[in-house]
Amino acid sequence: MHDLTGKVAFISGAGSVGEGWGNGKATAVLLARQGATVYGTDITLAAAEETQRLIAAEGGTAHAAAVDMTKAAEVEAAVADCLARFGRIDILINNVGGSAPGDPVSMSEEVWDAQLDLNLKTAFLCCKHVIPVMERQGGGAIVNLSSIAGVRILPDRPHVAYTTTKLGILGFSRSIAVTYAKKAIRCNTVIPGLMHTPLVETRLAKQVAGGDAAALIASRNAQVPTGKMGDAWDVAQAVLFLVSDEARYVTAAEIAVDGGLSAAGR
């Protein structure tokens, strides 16, 4: 099941912001375990290289590259480098993103623009340069990462640009899926909920909990109907299904990996 032998996966945001497993890192390692060759990018080379090291230690093949995915020239060069090294791209995972707090009044125009670039433009640029490759090959699978923030609004913690862009990813994915369906290019979206990744301790605890990571973790767990946050492997497993041949009839779909949080509406 979910055999990816012979396939090449281009994964943006394949590193992690701290020790442990981020969504991109877990996805890269899981796809490699299923036989895929991985080309992993990250804004920080060391983070991408750590993922490469883990894959190599398990006998897999991967290459790490430092790429600013908001820069068109760097994205184009990375796609070309992947093709030069591995000859094809069968899978594209758009995993770059991040949130900045603020409502329309308090948020600066510069932060708004940067959020659109980070959360939407990165996916656009990757698709712009990878889809022609998939067309030439006769097909491919794309998975874009959204967020529960795009479908569920928290009034006590506005991040208007993040919410807007993550909702935008849903429309972006649907548009690609329908446009390229007859060319055997599938495009789906994974919507993570409250996840326990290194982001919680390294960034969110400082932003919203005064540095009290334990209190933040307890609060996030309490919000989820299952009583516990998910982790990066939950996201990775959803991505794996969507890029596998078992999902050959699945396109324009959205899988919420959130422990029922979006359905509970709380």
Side-chain angles (χ1 to χ4, degrees), residues 1-2 9 11-34 40 42 47 50-51 54 91 93-99 119 123 141-154 156-157 159 162-163 165-167 169-170 173 188-209 212-244 246-247 250 253-266:
M1 293 288 288
H2 309 326
I11 304 175
S12 67
S16 182
V17 298
E19 292 186 10
W21 295 94
N23 294 335
K25 185 178 181 180
T27 297
V29 170
L30 182 60
L31 267 55
R33 287 175 178 172
Q34 297 304 117
D42 200 275
E50 169 65 9
T51 303
L54 291 168
I91 296 165
I93 312 299
N94 284 309
N95 179 57
V96 173
S99 65
N119 296 319
I142 301 168
V143 175
N144 297 317
L145 274 291
S146 181
S147 167
I148 192 173
V151 297
R152 178 177 175 270
I153 309 302
L154 299 175
D156 59 339
R157 191 181 168 216
H159 32 46
Y162 186 66
T163 294
T165 52
K166 287 306 183 179
L167 180 58
I169 284 290
L170 302 183
S173 297
N188 296 289
T189 308
V190 170
I191 308 173
L194 296 177
M195 315 305 292
H196 192 175
T197 66
L199 186 69
V200 173
E201 282 86 358
T202 61
R203 189 176 302 167
L204 292 182
K206 298 173 185 176
Q207 288 181 345
V208 302
D212 191 342
L216 177 62
I217 291 167
S219 172
R220 285 164 68 91
N221 284 339
Q223 295 178 59
V224 185
T226 59
K228 187 178 181 180
M229 286 185 284
D231 61 30
W233 294 103
D234 297 310
V235 172
Q237 291 288 351
V239 173
L240 172 60
F241 167 69
L242 290 171
V243 303
S244 71
E246 283 76 15
V250 180
E254 295 147 12
I255 296 182
V257 183
D258 68 353
L261 181 58
S262 55
R266 56 178 171 141

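The structure presented is a predicted model; accordingly, all values stated were derived computationally and were not measured. Basis for what follows: all heavy atoms, side chains included, without hydrogens, waters or symmetry-related copies.
- Between the side chain of E254 and the backbone N or O of T189, no donor-acceptor pair lies under 3.5 Å.
- Between I148 and S262, the closest heavy-atom pair is CD1-N, 3.9 Å.
- Formation of a donor-acceptor pair under 3.5 Å by the K166 side chain with backbone atoms of N119 is not found in this model.
- The closest donor-acceptor contact from the side chain of S173 to the backbone of I169 lies under 3.5 Å.
- Summarising the geometry of S16 relative to G22, their closest heavy-atom pair is OG-N, 3.5 Å, with the distance given to 0.1 Å.
- Of the possible donor and acceptor atoms, none in the side chain of T163 sits under 3.5 Å from a partner among the backbone N and O of G150.
- The minimum heavy-atom distance linking A232 with N23 is given by the pair CA-OD1, 3.4 Å.
- Aromatic ring pairs are classed by plane angle as parallel below 30°, tilted from 30° to 60° and perpendicular above 60°; the pair F241 and H2 is perpendicular.
- Looking only at distances, a side-chain donor or acceptor of N188 sits under 3.5 Å from a matching main-chain atom of V250.
- Residues K25 and E50 form a side-chain contact, since some pair of their non-hydrogen atoms from C-beta on lies under 4.5 Å apart.
- Without hydrogens or angle criteria, S219 side chain to L216 main chain gives no donor-acceptor distance under 3.5 Å.
- A donor-acceptor pair under 3.5 Å is formed between the side chain of D231 and the backbone N or O of D234.
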Between L145 and V235, is the side-chain contact (heavy atoms from CB on, under 4.5 Å) condition met? List the steps.
CA-CA 9 Å; L145 274 291; V235 172; 3.8 Å; yes
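- Contact record, G259 with V224: O-CG1, 3.8 Å, taken as the closest heavy-atom pair.
- Between the side chain of T51 and the backbone N or O of A14, at least one donor-acceptor pair lies under 3.5 Å.
- Across all their heavy atoms, Y162 and G98 have their closest contact at CD1-O, 3.3 Å.
- Residues A238 and I255 come closest through the heavy atom pair CB-CG2, 4.4 Å.
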Using side-chain contact (heavy atoms from CB on, under 4.5 Å), reason through V151 and L170 one step at a time and then give a plain yes or no.
CA-CA 10 Å; V151 297; L170 302 183; 3.8 Å; yes
